[in-house]
Amino acid sequence: MPNVKPSTCSGCPLYDKGRGFVTADGTGTNGVLLLGEAPGATEASQGKPFVGDAGYQLNRTLERTRMKRDDFRIFNTVNCQPPNNWLEGAPWEEDATRHCDQYLYKVVAAMRPKVIVPLGNVALDACLGRKGIEALRGYVYEANVRGHTCYVVPTYHPAFILRGQDNLTGVQIYDLQRAIRMARDGYRQPPYSYVENPSGGDTGRFIDAARSAADRGDWLACDIETPCSGSTLEDDYGEIIDTEILRVSFSYAPHTAITIPWTNRNLAYIQQLLQLPFEYVVFWNADFDVPRLQSKGVTIGPKVLDAMWMWHHLQSDLPKHLGFVSTFFTELPEWKSLSGAFPEFYSCRDADATTQCTLGIKALLEREHRFTSFTRHCLELDPILKTMGRSGVAIDQTKRLAFQAELDNELKAIDQSIQKAVPDNLRPFKSKRSVPSEASPRLPFGDADTGVVWDISNEGEWGVRSPFLYTSPKQVIAYMRSQGHPVPRHHKTQKDTTAKLEIERLAKHYPKDPLYPLILKARKIGTMKSTFVDAYAPKPEGHVDPDGRVRVTLTFAPSTGRLAGQDPNPMNIPKRGDLAKPCRDMFVASPGCRLVELDYKAMQAVIVGYLARDEEFIKAAKLGVHAILASHVLARQRLMPAPINVDAEYAKLPIRAIKSQYPKLYDVCKHVVYLSSFGGTPYRMKVEYPDEFPSVKYAEELQQIYFTTLGRKVRQWQHDTLQLAHRQCYLDSPFGHRHYFWNVFAWDSKRRQLAWGPNAKDALAFLPQAIERCVLTSAIQRVVALDLAKVLRWPIHDSLLIEVSNGDDVIEAVKREMERPVPELDDLSFSVEVSVGTSWGSMTEWRSA
DNA sequence: ACGATCTGCGCT
DNA sequence: AAAGCGCAGATCGT
C-alpha cells in the first residue's frame, strides 16, 4: 500500500506534482544512515526508499560490505517523487528540500546515527550545505546535521553508477565500508608536523633528517606548485617555455613535510634534497613536475617514480588525481579546496599525501606480487617509450604533397556531384538582412563550384544556402527522410545513425540513389586527407618537425594495459584499401637506411590457445588457424577425408591448398575464428559480412563447428574466464596488469536468467590484449639492453617498426629477441615475420641470410 | 569565439 | 552487433 502523505504535510512545492511518500527503511543498528535523493516511480508506489533499479544497485553494493541492508537506516532527502524524477538543478529543488527537512529532522533525532552517508549531491547539500560529490566523496567530515553531531561520509548516488559509471562500484563499496568503520571505531584527524615557513636552520635540519631517511631506504616525495598548474605552453621542439615555480615541497615519512619557497637562496637546498641518495624520488604525475624542475637547471639524482602510474597499475579504471586516491590510503581530511587560502599548508599536505599513498599502493602491489611487474612494465618502460617517440620517422613531403593534391582533386569532384544530387531545400539555410548586390533577378542563383545558393525562405526572407555537408550526420539523415528512406538506428543506443555499414546497406537497397555511394567515397577520401595526410605537413600546420621527421608521444596510460600514441597517433595509419599504399609511401627511411617492420604472426590466436591450455590450438594458430577450421568444415562435408593434423610434417601443404581452392570458405572461417574468440555472435557475422554469410543460420552452424572441434577448449576458457571475472570482479594478466569488471553477468529479465552483461566481452578481450602488449614491450626492453635503442621507432600492438642503416645483423638481433620464449607464459614463443623497404608503403619480405 | 560533447572511422 | 584507443569535423551551449 502506498503511503499517504501525512496530514501535516502542507505547502510542499511538489504537493500537486509529487507522487507517493516514502518513509525510512531498515533498523540502523550499525549506526549508519544512508541518505538518498528522492523516490523514483517504484519507490513512490511502494513507499520505501531504494527499491527500484537504483535500489538493486545499492543492495548489491551493500551485500559486498558484508552487512545486511536491514542493518542500515535508509531514507531520502525529499520524500515524494519529483516530476520526471528531476530534482537536482530543478527550480523546485531548494523548496522541496527545505520542505522535507522536517522528516529528515525526525529521522535523525530518532536514530541518532553515528555516520550519515549522503548519496549524491542533493543529500550532500542537505548534510554539509555544499555540493561537489566527486571532490568530497570518501572523506570524513564531522558535522552537525539537524541538531545532531555525527560523521558524514559522502559517496555517489547509485543511479549515477548505473548511468555508465560502473567502474565506481568498488569505490562505493569502499566508502560504505569506511562509514561502517567510522560508526564502529570513530575518527580522529591524524596529527601532522609540517614546516610551512622554514628558516635556513629548519631546512638544514630537514635535510639532515632526510639524509638518514635515505640511508634507511625511505623514498622522497616531491611536489611543485606553479601559478597556473593547468595550462602549459610548449614551443615547436617540445620544450616548456613558461615555468614559474612558486614552491617545492618534500616529504619522506607520513605526517611530515616541508615546503620551500622558490627563491635564489633556497635553490641550493632544493637541489641538495634532490641529490640525496634516496632509492626513488616520488612525484604524483612526474610528467608535470620533472620537466619544470629540469628547465630551471635542477637535477634529480635518484630514479624518478611516478606514484600516479603506480596507482594506475594497481587499478586502472579509476580517476587519478591525488585528492581522489588519498581517500583510500590516508585518514587525511579533504584539503584540495584550500590551495588559495593556505598555500603553504596545501603544498605540504600534497607531499604528505603523496608519501602516504605511495606507501599504501606499494604495500598492496607487493602483497599481490605485482610491484616488480610495475617497475619493469611501467617504470623502466617509460624512458624507452619517450626515446622511441623522440626518434621520429622521416616524411617525404614531395610524395605527401602529390598525394594531397590528388585527394583534393578527387574530393572536389565528388563534392560537386554531391551538391548536384542534393535538393536545394536540404542545404543549411542562413537568413541575411540585405540582398547581395550581385543578385540576379532570377532566383535562386548561385555558384556551382562552391554550392552556395542565394534563396528566399518561406517567409520571403533573403538568405544564403551553404553547401550540403556529407560529413554532417544531421544533414545526411535529413536527406534520408526527404527521400522516404528508413533512417537506420544504432543497435545499442537506438539513435539515428549514418554509419558506413548502414549507408552501404541503403546504397544496396536503393541502387538508383546517387548520393549514398558518393557519401561513402567522399568520407573515405576525406578521412584519409584530414587525419593522415594534412596531419603530416610541417609544423605548425601539421606535426612534422623542421628536420623532416614526425615525432609522437607513446603512452601506456590506457586502462587496458595496451599502448597508445598521440600527436599524431602512429598506430592507426591505413593499411588496407587502395589508398593505404600511397599513404604509407609518405613514411620513408632516412638516407642510407631501411625501414623494417617485424610482425608477430597470429599473435592473439596463439595467446588465446595458451590461455585455453590447448597445445593443438597453439600449433593450429602457428600454422594458420583459419585454414584448419576450414579443413574441419570440409571434412564434415566429406570434401576431405579428415581435418588437417597439426602434428603432421606435411600440414603446410593442405593449408596452402585450402587457401587457393576454397578462398571463400577460408575467409568465412577467418571471420568465425576471429569474432568468436572475442565473444562475437553469428548475427554480427552476417550483418558485417553479408557477402560471406548468406544467412545467420550459416554463421551459427560454422560457429558450432568451431566450438565443437578446434575451438572446444577456447570455448571452455571463455566460460571459465567469465566465471572468474564475475566471482572476483577483476582479471590479472601474467605480467601483473589487473582490470576490474563489475558487470560480467547481468540479469536478463526477458529470459529470466543470468546472461552476459555489459562487461563480458571486455573481460574476454582483456587478457589477449594485455599479454600482447607485454610480450612486445619485454622484447623491446631486451633490444634496449643490447644497446640498440637507437633503431626503435614505433610499437604497433603486434608489430614493431625499426630503422636500420646497414647490415642484417641488427634485424636478426631484434627478431631473435622478439622470438625468445616468454617465461611469464611458460616459455611460449611467437614467430616473427620481417619486411623491409625504403618506404613504409613498399615493404618486401625479408629472410635471414 | 571557445570548450564540451557527439559522431564517425582508422588501427590492433 | 568483440573491445579500446586517438583524431577530425559538426553541433550546441556559454
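Residue numbers start from 1 in every chain, and the chains themselves are labelled A, B, ... in the order their sequence lines are given, proteins ahead of strands. These numbers come from the heavy atoms of this one structure, side chains and all, not from hydrogens, waters or symmetry mates. Note that the coordinates shown come from a computational prediction; the quantities given were computed from them, not determined experimentally.
The residue A/Y674 sits close to a base: some heavy atom pair falls under 4.0 Å. The residue A/G679 sits apart from the nucleic acid: no heavy atom pair falls under 4.0 Å. Contact annotation for A/K500: backbone-only contact, meaning every heavy-atom pair under 4.0 Å involves sugar-phosphate atoms and none involves a base. As judged by a 4.0 angstrom heavy-atom cut-off over every strand, A/K495 is placed among residues touching the sugar-phosphate backbone only. Counting non-hydrogen atoms under 4.0 angstrom, A/L501 reaches nothing in the nucleic acid. Among the protein residues, A/T498 comes within range of the sugar-phosphate backbone only, with heavy atoms under 4.0 Å from sugar or phosphate atoms but none that close to a base.
Annotation: side-chain hydrogen bond (donor to acceptor under 3.5 Å, both in side chains) contacts of A/R712 (sequence neighbours excluded): none.
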List the protein contact pattern of nucleotides 4-14 of chain C with one symbol per nucleotide (5' to 3'): B for base contact, S for sugar-phosphate-only contact, - for none; contact means a heavy-atom distance under 4.0 Å. BSBSSSSSS--
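Looking at A/W311, its side chain does come within 3.5 Å of a backbone N or O of A/P319 through a donor-acceptor pair.
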Enumerate donor-acceptor pairs with a distance under 3.5 Å from any side-chain N or O in residues 596-603 of chain A to protein atoms, sequence neighbours excluded.
| residue | atom | partner | partner atom | Å |
| --- | --- | --- | --- | --- |
| A/E597 | OE1 | A/W840 | NE1 | 3.1 |
| A/E597 | OE2 | A/S799 | OG | 3.4 |
| A/Y600 | OH | A/M818 | O | 2.9 |

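Ring geometry for A/F693 against A/Y689 counts as tilted: the plane angle lies between 30° and 60°, on a 0 to 90° scale. Between A/Y516 and A/H485, the ring planes lie tilted relative to each other; the angle falls in the 30° to 60° range.
The salt bridge (charged side-chain N to carboxylate O under 4.0 Å, His left out) analysis of residues 553-563 of chain A, with sequence neighbours excluded, yields the pairs A/R562-A/E772. The side-chain hydrogen bond (donor to acceptor under 3.5 Å, both in side chains) contacts involving residues 699-708 of chain A comprise A/S676-A/Q703, where partners must be two or more places apart or lie in separate chains.
Between A/R427 and A/D424 there is a salt bridge, with a side-chain nitrogen of the basic residue lying less than 4.0 Å from a carboxylate oxygen of the acidic one.
Nucleotides of DNA chain B with any atom under 4.0 Å from a heavy atom of chain A span, from 5' to 3', B/dT7 to B/dT12.
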